[in-house]
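Take a look at the structure below.
Every chain is numbered from 1 and lettered A, B, ... according to where its sequence line falls, protein lines coming before strand lines.
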Amino acid sequence: MFFIIYIIFILKEDILLLNCLKKRFLKDIITLFPEIENQEKAEYKSILASVRIEEPKNREFGDLTTNAAMVLASKIRKKPSDLATLIKDEILGRYEEIKEINIAGPGFLNIKLKDSFLIEKILEVFKQHDSYGSNDTAKGTKIQIEYVSSNPTGNLHIGHGRWGVMGDILSNIYSLNGFDVCREYYVNDYGTQAKIFAECVRSVYLERFDIKYPYPEEGYPRETVSKIADILFNKFSDSFIKDKTTLEFDEISFSRNAIRIMVSLITDTLKSIGVEFDVWFFESSLYGEGSFDATLDFLKERNLTYDEEEALWFKSTDFGDDKDRVIIRKDGNPTYFASDIMYLINKKERGFEYLLYILGADHHGYISRLKAIASSIGMDKDKVSIIIGQLVRIIEGREVQKMSRRKGKGFTLDDLVSEVGRDAVRYFFSMNSFDTHLDFDISLAKKKSNQNPVFYVQYAFARIGSIIRKTNENRPVNLDADFVSGMEDYDSQVFGNFLLSIEKNDFKNPSERNLAWTILLFPDTVRDACRSNAPYFVNQYLYRLASEFHYFYKHNKIITKDKINIKRLLLALAARLVLKKGLDILGVSAPERM
RNA sequence: GCGCUUGUAGCUCAGCUGGAUAGAGCUACGGACUUCUAAUCCGUAGGCCGGGGGUUCGAAUCCCUCCAAGCGCGCCA
């Protein structure tokens, strides 16, 4: 029993090729140069932090390269080249998986791994199959990721789509790294905007009964409002009008239903691109059962507030905010900031160790105030991360369209989905970093739908599907029946036995080797994407893998007349498995044929 | 005015915790299907990394400054 657990543990750790190698390498460096550890702690940390093992820019230098000798040289008072030789002889030279080490340039150590090691690793991909790519680094750590959280007063626009997709993919990535993720949408159904929205809907709704009710001057665009009014009318008829003669109106129920329907439309839109939440958190729920008073007491007890000009203020500057914020306005109503405090307290009480927000750049002013609240209620502000995503600009032809819900104009997310489809939307929105201002050219998106990079990746997957079908049709002589059935579902029993018989000799050509190498980088990609909050690492990885596969496919035959090249077939199957896992992370479909 | 983000090939973007000759895709041009899907592959072209200073063995990357773009600086939400 113990043995089995140990094996699993080893596999889980070991599957991170680069990250694990680095860990081991650093450990060996400390053993070889104990004086590093004796230095001041901060400095010691920074030395080790700047040691890298990574793919060299130029592939000709090898699989991996490290700058260790150069980084350590100044601290250990040796010439980089001498140090490189020492590290080569005493550390890297003893690693079984390494085939050769070259010292180059000012002191780089270039490493080439053994083919047999790579093949061994590829076989492990099959042993892991479903769990390949995931790791235990953050085992069970509770994290909440909040994204989209658009006001329920209109349709989602394209910008919201970006946060929806990015948030969803990031959640997937965190899950694969072992986190226990809660995906949450915060619904602002309390306060002025929600009220104005309800008033708008009410005006249109009452028109159905020839009752005049003023449409708010700064109201929302009629298009969406009418839609909501229609649904309410069809569903509830006149039941909100309590008395036909006095026109007494059930405002509360009406407004709650109007918001609820808007939320359900938003839910549908998000669902259409595969974005679903664990929790829809309603702002209004924060104000039930005296919880607002309790919060005020909580803050006052801790001396975090003060009165000024008839308003109640929160001392957020004490916690790093640029200005103090009003909690209760002169008119006695709580501000949005008051909700923020209660919501954060609520999140804390639910036991999340980490909180992650994805906000649009128009909300970047939030960072300091959210962190201030977090600190004030005793949370570690470093465990509250706020990702600011740059806004999406819509461009049609040469015209820049501003996306403003209030003004109503604009291309909605629904429009986009029906134009280009879910897969393209998801790929398109996740392929850049959060810091990129995304210019979304609608005409291009329509026109380009067939040259979207997503098809390139999917095509690689479809091609492998074709190989499998072919293999099943004219079952070659060297392939046994069990193996073929194993390919279909990666049954590890059948498949695993077969794998043991694979010869672990060298790859025949660079394209086989490169494909294998890229397949093996997947777990590290998942890890790094999490560490850097960078969903686009996955897109880039998949594009690279697809590219590697297309090249491999073009230059290597897997099926010949009556025989099959088993090693190549395995590579294709491993690629297939990883492409599927990767596309799953992105929430993009993996078609068997195209 | 202050703050956040960005400025890299004609276009869209990687590379930014300093490292070897700055990379992809799209576009353009030229090649490759009797053989597992040509939605593919191969090649060519394309760059004062916004400008200027500094830090050092070494800068697209770090610091300063200027220019340009987007966004924010409410008792709105």
Assess the residue pair V71(A) and R52(A) against the criterion (side chain to side chain contact (heavy atoms under 4.5 Å, CB included)); give the C-alpha distance rounded to whole Å, side-chain angles, the decisive distance to 0.1 Å, and a yes or no. CA-CA 9 Å; V71(A) 172; R52(A) 274 153 221 254; over 6 Å; no
Counting only heavy atoms not in [X], do more than 12 fall under 6.0 Å of its [atom1]?
X: E308(A); atom1: CD; answer: yes
X: E310(A); atom1: CD; answer: no
X: K315(A); atom1: NZ; answer: yes

Using a 4.0 Å heavy-atom cut-off, does [X] contact any base of the nucleic acid, only the sugar-phosphate backbone, or nothing at all?
X: R593(A); answer: base
X: R369(A); answer: base
X: A194(A); answer: nothing
X: F434(A); answer: nothing
X: D362(A); answer: sugar-phosphate
X: A104(A); answer: base
X: D340(A); answer: nothing
X: D322(A); answer: nothing
X: Y186(A); answer: nothing
X: R325(A); answer: nothing
X: Q458(A); answer: nothing

Quantified in whole Å, what is the [atom1] atom distance between nucleotide [N] and nucleotide [M]?
N: rG46(B); M: rU6(B); atom1: P; result: 30 Å
N: rG7(B); M: rC66(B); atom1: C1'; result: 14 Å
N: rA59(B); M: rU17(B); atom1: P; result: 16 Å
N: rA60(B); M: rU44(B); atom1: P; result: 25 Å
N: rA14(B); M: rC76(B); atom1: P; result: 38 Å
N: rU65(B); M: rG58(B); atom1: P; result: 24 Å

Nearest to the side chain of [X], heavy atoms from C-beta on, is which of [options]?
X: K554(A); options: rC13(B), rA32(B), rC75(B); answer: rA32(B)
X: K470(A); options: rG19(B), rA77(B), rC36(B); answer: rC36(B)
X: T436(A); options: rA77(B), rA14(B), rC41(B); answer: rA14(B)
X: H555(A); options: rA20(B), rA38(B), rC41(B); answer: rC41(B)
X: Q390(A); options: rA14(B), rG70(B), rG72(B); answer: rG70(B)
X: N151(A); options: rA77(B), rU17(B), rU40(B); answer: rA77(B)
X: K557(A); options: rA14(B), rC42(B), rC36(B); answer: rC36(B)
X: R329(A); options: rU40(B), rC76(B), rU5(B); answer: rC76(B)
X: H364(A); options: rC4(B), rA39(B), rC73(B); answer: rC4(B)
X: H437(A); options: rC13(B), rU40(B), rU6(B); answer: rU6(B)

Between [N] ([atom2]) and [X] ([atom1]): distance, integer Å:
X: F337(A); N: rC75(B); atom1: CZ; atom2: C1'; value: 13 Å
X: F61(A); N: rA22(B); atom1: CZ; atom2: P; value: 12 Å
X: Y543(A); N: rG25(B); atom1: OH; atom2: C1'; value: 5 Å
X: D435(A); N: rC71(B); atom1: CG; atom2: P; value: 16 Å
X: N432(A); N: rG15(B); atom1: CG; atom2: C1'; value: 14 Å
X: I386(A); N: rG3(B); atom1: CD1; atom2: P; value: 20 Å
X: R59(A); N: rG23(B); atom1: CZ; atom2: P; value: 15 Å
X: L391(A); N: rC4(B); atom1: CG; atom2: P; value: 17 Å

Taking only N and O in the side chain of [X], is any of them less than 4.0 Å away from OP1 or OP2 of [N]?
X: Y536(A); N: rG15(B); result: yes
X: R463(A); N: rA38(B); result: yes
X: Y456(A); N: rC41(B); result: yes

Where each residue is assigned the nucleotide of RNA chain B containing its nearest heavy atom, which of M431(A) and W313(A) is assigned the position nearer the 5′ end?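 So the residue in question is M431(A).
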Reading RNA chain B from 5' onward, which residue's closest nucleotide shows up sooner: D324(A) or I558(A)?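 Nearest nucleotide further toward 5': that of I558(A).
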After noting the C-alpha distance and the side-chain angles of R329(A) and T335(A), does the key distance pass the side chain to side chain contact (heavy atoms under 4.5 Å, CB included) rule? CA-CA 7 Å; R329(A) 291 195 290 249; T335(A) 60; 3.6 Å; yes
Is it the case that the side chains of S385(A) and N533(A) hold a donor-acceptor pair, with the cut-off being a distance below 3.5 Å and no angle test?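 There is no such pair between these side chains.
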Between Y190(A) and S285(A): side-chain donor-acceptor atoms closer than 3.5 Å: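 Short answer, no.
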Hey, does the side-chain of H363(A) have a donor or acceptor N/O within less than 3.5 Å of a partner on the base of rG72(B)?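 Between rG72(B) and H363(A), which were checked side chain against base, a qualifying N/O pair under 3.5 Å is absent.
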Donor-acceptor pair present, T65(A) side chain and rA20(B) base, under 3.5 Å: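 Yes.
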Is the shortest distance from a Lys or Arg side-chain nitrogen in E184(A) or K347(A) to a carboxylate oxygen in the other one below 4.0 Å?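 Salt bridge flag = no for K347(A) with E184(A).
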Is R568(A) salt-bridged to E512(A), cutoff N-O under 4.0 Å?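 Result for this pair is yes, salt bridge flagged.
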So, is rC33(B) syn or anti if syn means the angle is within 90° of 0?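 That one's syn.
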Determine if F108(A) stacks with rG19(B); use a centre-to-centre distance below 5.5 Å and an interplanar angle below 30° as the criteria.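 No.
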Is it the case that R544(A) places NZ or CZ above or below the six-membered ring of Y541(A), under 6.0 angstrom from the centre and within 45 degrees of the axis?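 Relative to the ring axis of Y541(A), which defines the angle, R544(A) lies outside at least one limit.
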Go through F549(A) and I464(A) one step at a time and tell me if the side chain to side chain contact (heavy atoms under 4.5 Å, CB included) criterion holds. CA-CA 9 Å; F549(A) 176 77; I464(A) 303 171; 3.3 Å; yes
Would you write out the dot-bracket form of RNA chain B, 5' to 3', with Watson-Crick and G-U pairs under 3.5 Å, [ ] for crossing pairs, | for pairs to other strands and . for unpaired bases? (((((((..((((.....[...)))).(((((.......))))).....(((((..]....))))))))))))....
Would you check, one step at a time, whether the test ring pair (Phe, Tyr, Trp, His ring centres under 6.0 Å) holds for Y186(A) with Y343(A)? CA-CA 9 Å; Y186(A) 179 60; Y343(A) 188 29; 4.2 Å; yes
